[in-house]
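Quick notes on the structure that follows.
In what follows, chains carry the letters A, B, and so on, assigned in the order in which the sequence lines appear, proteins first and then strands, with residues in each chain numbered from 1.
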Amino acid sequence: MRIATFNINGIGSRLPALREWLEETQPDVACLQELKAPQERFPEAAINEAGYQALWIGQKSWNGVAILARGTTPVEVRRGLPGDDADEQSRYLEAAIDGVLVACLYLPNGNPSPGPKFDYKLAWFERLITHAEGLLASGAPVVLAGDFNAIPTELDVYKPERWVTDALFRPETRDAFHRLMAQGWTDALRSMHPDERIFTFWDYFRDAYGRDAGLRIDHLLLSPMLAGALTAANVDRDVRGREKPSDHAPTWIELDMTKIAR
DNA sequence: ATGTCTACGTCTCGTAGA
């Protein structure tokens, strides 16, 4: 089973690129972030034509997440991250697909920091940590997939010293990420490539992709049962180099489902 | 400080978010 996460940065303008990538790589599950489209403007027909059923939460202008499943219907488990009824940003969706609980998330960027946006990011992160604890305790096979807007370590950024005051790399952000990991999650990319510099994002400025000035901020975190079934993980890096690309590249894992207890 | 891309509203440019 292949599960991918891809911040597409606008499903409207990126639909051709999305369909091309889906056709090429045929992930069983695709978690998308930054739809940047209201609920009614999600291109459901085109997604269905590509062979996928979808759940999504839209929002005008910003945010928005979706879970696509190939040849099957994802069963909605949760819409929105618990812990703050006043939070109206579309950033979290959970679905069950073939016995796997898939959480698709888009953690707030948090810049500029310090400030209210950074406070919102940290509060959102704490809500995620609380909810993730419950998911792990359930014993279910779970993957937390998405754009975490968090650079875990110095190995995950081309030039760490330039990013120390950025919301993606500030000590508070790294601390939250590491406390989440300490619950018992496995960082799939890092576990398959312990010492390699692997990026999932290159910003649009100053030819960042051409210079390979990237960040690793899109993650797939696995519960113990899924970690034992992990056979491959990587980034479809070339997608970032195509026409009208997202600033993120798709990131994916491969699971051997025969190794998952049912 | 800069750079690039997107969506929206003030609507074919300016602004904000990333």
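Annotation: B:dC8 and B:dG3 have their C1' atoms spaced 22 Å apart (nearest Å). Across the P atoms, B:dA1 and B:dT6 are found 26 Å apart, a figure rounded to whole Å. B:dC11 sits 16 Å from B:dA16 when the P atoms are compared, rounded to a whole Å. B:dT10 and B:dC5 have their P atoms separated by 26 Å, with the value rounded to a whole Å. B:dT2 and B:dC13 have their P atoms separated by 23 Å, with the value rounded to a whole Å.
Looking only at distances, a side-chain donor or acceptor of A:D28 sits under 3.5 Å from a matching main-chain atom of A:R2.
Residues from residues 59-68 of chain A that place a heavy atom under 4.0 Å from any atom of DNA chain B, listed by number: A:K60, A:S61, A:W62.
Judged purely by distance below 3.5 Å, without hydrogens or angles, the side chains of A:Y92 and A:D87 never pair a donor atom with an acceptor atom. Between the side chains of A:K121 and A:N109, no donor N or O sits under 3.5 Å from an acceptor N or O.
Along DNA chain B, the nucleotide nearest A:K244 and the nucleotide nearest A:K117 are compared for position; the residue whose nucleotide lies closer to the 5' end is A:K244. In terms of position on DNA chain B, the residue among A:N111 and A:A37 whose nearest nucleotide sits closer to the 5' end is A:A37.
A distance of 12.0 Å separates CG in A:L32 from CG in A:D147, rounded to the nearest 0.5 Å. Distance check: A:W252 CH2 to A:T5 OG1 gives 14.0 Å after rounding to the nearest 0.5 Å. Put simply, CD1 on A:I198 and CG on A:N234 are 5.5 Å apart, with the number rounded to the nearest 0.5 Å. One finds the CG atom of A:D156 at 8.0 Å from the CZ atom of A:F199 (value rounded to the nearest 0.5 Å).
When each of A:D212, A:T251, A:T200 is paired with A:R237, the side-chain hydrogen bond (donor to acceptor under 3.5 Å, both in side chains) condition holds for A:D212 and for no other.
The span of DNA chain B lying next to chain A, judged by atoms under 4.0 Å from heavy atoms, is bounded 5' to 3' by B:dT2 to B:dA18.
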